[in-house]
Structure formats: structure tokens, C-alpha cells
Amino acid sequence: LWASGASLMEKRAETFRGGGRLNRAKAGLENSGALNRRQTGTKKVGKMKKYLRLAGVFMKYSLMSQLEYRINFISGLAVELGWMLVKLLYVAVVYRIGVNIGSFTPHHIMIFIGIYVLMTGFYMLYYTNFTGIGQMVQTGELDMYLVKPVSLQFLVTLRQWSFPMFLANFIAGSILIATGWHRAGLPVSFGRVAGFLFLLVCSNLLTYSLFLIPNLLCFWIVSARGLEDITAAMWDFNNMPQMIYGKWIQRIGTFILPVFIITNFPGLFLMGKLPFAMFLWAVAAPVLFFFLARIMWKKAVRNYSSASS
């Protein structure tokens with residue numbers, strides 16, 4: 001009996017030790033998986049920091065190269081200010097006539113126009129990169145960028161920044177928004193300001209993605225001159241509230257070619273007239289179109305024939 005009892009105890013102890021080793025192995029695998037996830041997250045954060053630093057370098061050298069020829073910089077700023085005065089005629093006409101669009105007063109319309117001018121400034125920062133893609137494809141200049149150890153899309157679309165066009169639109173747009181906000185008597189709160197700024201960030205991502213897509217057609221067609229006219233016409237749909245268009249135009253401009261999200265939705269949020277479902281769409285659309293632009297970019301590069309081939 002004592003011998004059988006001792007044998008049974010030894011078997012249980014062995015089972016316990018085996019179970020302990022198994023538990024330790026499982027714990028080791030879990031720790032290893034958690035460590036891999038942390039390392040992956042750290043790599044992604046490091047990669048993001050790398051591209052942010054690279055974007056800062058691009059901005060710095062773009063500004064330095066533009067300030068090197070100060071007369072050219074000032075003349076470019078003056079030309080953009082001239083265009084700005086033409087755009088401000090919209091505001092002057094609206095105030096002179098005293099027109100209301102639905103429930104929107106001239107003060108509300110000023111906010112919409114201000115957002116349009118502000119977003120034009122952000123778009124103009126990298127606009128020349130988009131229009132230069134066709135020439136890079138035709139001349140084979142794209143070849144030298146293919147071997148760089150960074151994202152080709154990032155390098156091609158964000159390597160040059162135009163500050164003269166940005167400054168004039170940014171200052172004028174900010175003044176129009178602040179003036180219309182004050183005169184319309186809209187409340188100022190942390191949530192309203194934070195939501196407005198968040199929607200502006202979403203609008204910038206959507207602008208980049210949506211207007212990059214038509215410029216990628218230059219990888220398949222010979223001449224890309226007409227693309228600039230198409231994108232310019234699309235952008236001009238934003239200069240007034242979307243309510244001046246018919247219902248079908250509004251639906252197309254909101255869901256198919258969502259240009260109205262860029263300038264109308266931030267203003268509607270300020271005025272408390274943006275439905276929650278549309279707020280969610282304003283957040284989802286930039287992500288959706290960014291991935292769509294990314295897919296089209298990869299297909300376009302695969303279709304590219306270098307100058308030596």
C-alpha cells in the first residue's frame with residue numbers, strides 16, 4: 001500500500017511538473033507575442049516619425065529655395081493676393097445684396113467662403129507636385145525616385161511645398177472664418193473648436209487623396225493637360241454652400257466625388273447643422289479615398305515604363 005501510494009504521488013508530481021512546464025511555455029509564447037506586437041507598434045511609430053521629419057526637411061528646403069529669390073517669392077505672393085481679391089468679390093456681392101441661402105445669412109456664407117479660401121491654401125502647398133507627375137512620367141524623371149529608400153508616393157507628391165500661395169490663402173481664410181463666426185453669433189466652446197479643427201484635418205486628407213486620383217491617369221494617357229482643368233473645376237464647386245445646387249448634385253458631391261465634405265461639412269458643424277451620420281461619413285470618406293488613392297498609385301507605378309525600357 002505504501003509503495004502504491006508513493007508511486008501515485010510520484011505520478012501526480014510528474015503531471016504537476018509537466019503542467020507547470022506547459023503553463024510556462026504558454027506564458028512564454030504569450031509574452032513573446034506581446035513583445036512582437038510592441039516591437040511592431042514601435043516600428044510603426046518610428047516610421048511615422050521618420051516621415052514627419054522628412055516632411056519637415058522638405059518644407060525647410062522648399063522655403064529656403066523660394067526665399068533665395070526673394071523678388072520671385074514676393075511677386076508670387078502678390079499674384080496670389082490679386083487672386084484673393086477676386087475671390088473676396090463673392091463676399092462683397094453677398095453682403096451688398098444681402099442674400100440668404102435657406103437659413104444661412106451672409107455671415108454664415110462668409111464662413112463657407114473662408115473655409116474654401118483656407119483649404120485652397122493648404123491644397124496649394126503641394127498642388128505643383130500633382131501637376132508635375134505627368135511630366136515626370138513622360139520625361140522619365142520618375143526613374144531616379146524609384147530607387148530611393150522611402151515611399152515613392154510620399155516622395156513624389158510631397159517633395160515640394162509652395163509657401164507664397166499658402167500664406168495669402170491661409171491668412172485671408174482665417175480672417176473670413178473668424179469674422180463670420182463672430183458676426184453670426186455662433187458659440188465658442190472647446191468641443192466646437194476641437195470638432196471644427198478635426199474636420200479640417202479630415203478635409204486635408206480627403207483633398208490630398210481625392211485630387212491625387214485624377215492626376216494618376218497620366219500613367220495611362222499621353223497628354224495630361226486636361227486633368228488640371230478637371231481638378232480645377234471640381235475644386236471650384238466648393239466656393240459656395242452646397243445648398244445652391246440640386247439634390248442630385250449634392251448627393252454626387254457628398255458620396256461619389258465628396259468635394260462638399262472638404263469645405264461644407266466643417267462649416268455645418270460650426271453652425272450645429274451637421275447630422276451625426278454625416279459627421280461619421282466625413283471621418284470615413286478621407287480614409288476610404290486614401291486607401292483608394294494608394295491602390296491606384298501602386299497600379300499606376302506597375303504600369304509605368306521607365307525611360308530606358
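Computed from a prediction, not measured in an experiment: that's the story for all the values here.
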Solution key, residues 118-126 side-chain donor-acceptor pairs under 3.5 Å, sequence neighbours excluded:
residue, atom, partner, partner atom, Å
T120, OG1, Y116, O, 2.7
T120, OG1, W235, NE1, 3.0
Y126, OH, Y208, N, 3.4

With a 3.5 Å cut-off and sequence neighbours excluded, list the donor-acceptor pairs that the side chains of residues 270-289 form with protein atoms.
residue, atom, partner, partner atom, Å
K273, NZ, S103, OG, 2.5
W281, NE1, T254, O, 2.7

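- Rounded to the nearest 0.5 angstrom, I262 CD1 and T207 OG1 are separated by 3.5 Å.
- L199 contributes atom CG, which lies 9.0 Å from atom CD1 of I115 (distance to the nearest 0.5 angstrom).
- Residue F112 is grouped with residue I244 when hydrophobic side chains (ILVMFWY) are merged at heavy-atom distances under 4.5 angstrom, including chains of intermediate members.
- A pairwise comparison of heavy atoms in E141 and M144 identifies O-CG, 3.2 Å as the closest pair.
- Taking each heavy atom of P164 and Q66 in turn, the nearest pair found is CD-OE1, 3.2 Å.
- I133 approaches C218 most closely through the heavy-atom pair CG2-SG, 3.5 Å.
- Nearest heavy atoms, G114 versus L176: CA-CB, 3.6 Å.
- There is no side-chain donor-acceptor pair under 3.5 Å between T179 and H182.
- The side-chain heavy atoms of M59 and F163, taken from C-beta on, include a pair separated by under 4.5 Å.
- Both W161 and V150 belong to a single network of hydrophobic side chains, linked directly or stepwise wherever heavy atoms of I, L, V, M, F, W or Y lie under 4.5 Å apart.
- Between F219 and L142, the closest side-chain pair of non-hydrogen atoms falls below 4.5 Å.
- Taking CG from D143 and CE from M136, the interatomic distance works out to 9.5 Å, rounded to the nearest 0.5 Å.
- For the pair L212/F290, no side-chain contact is recorded, criterion being any heavy-atom separation below 4.5 Å from C-beta on.
- Separation of atoms CZ (R294) and CD (Q153) is listed at 5.0 Å; rounding is to 0.5 Å.
- Using a 4.5 Å heavy-atom threshold, the side chains of L186 and I111 count as touching.
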Kindly determine whether K299 and L216 satisfy side-chain contact (heavy atoms from CB on, under 4.5 Å), including the steps that lead there.
-> CA-CA 10 Å; K299 290 185 177 180; L216 295 180; over 6 Å; no
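- In the hydrophobic cluster analysis, where Ile, Leu, Val, Met, Phe, Trp and Tyr join through side-chain heavy atoms closer than 4.5 angstrom, F170 is grouped together with L67.
- The nearest pair of heavy atoms linking Q160 to N129 is O-ND2, 2.6 Å.
- Rounding to the nearest 0.5 Å gives a distance of 7.5 Å between CE of M110 and CD1 of I113.
- A distance of 5.5 Å separates CZ in F260 from OH in Y245, rounded to the nearest 0.5 Å.
- Here the side chains of S209 and L292 are not in contact, with every heavy-atom distance at 4.5 Å or above.
- V57 and L63 are members of different hydrophobic clusters when ILVMFWY side chains are connected at heavy-atom separations under 4.5 Å.
- Around the OH atom of Y69, the shell of radius 6.0 Å holds no more than 12 heavy atoms that belong to other residues, nucleotides or ligands.
- Inter-residue side-chain proximity for Y304 and V137 is flagged as met; some heavy-atom pair is nearer than 4.5 Å.
- Across S62 and S65, no two heavy atoms sit closer than the pair O-OG, 2.8 Å.
- Residues Y51 and L158 have side chains not in contact (no heavy-atom distance under 4.5 Å, counting atoms from C-beta outward).
- The environment of CZ in F255 is crowded: more than 12 heavy-atom neighbours from other residues, nucleotides or ligands sit within 6.0 Å.
- Proximity of F265 to Q242: side-chain heavy atoms (C-beta onward) are separated by under 4.5 Å at one or more points.
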Apply the test side-chain contact (heavy atoms from CB on, under 4.5 Å) to residues L54 and F154: give CA-CA distance (whole Å), side-chain angles for both, the deciding distance (0.1 Å), then the verdict.
-> CA-CA 10 Å; L54 189 58; F154 177 85; 3.5 Å; yes
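- Judged as a side chain to side chain donor-acceptor pair (under 3.5 Å), not a single pair has a partner in residues 192-203 (not counting sequence neighbours).
- V201 and L206 are members of different hydrophobic clusters when ILVMFWY side chains are connected at heavy-atom separations under 4.5 Å.
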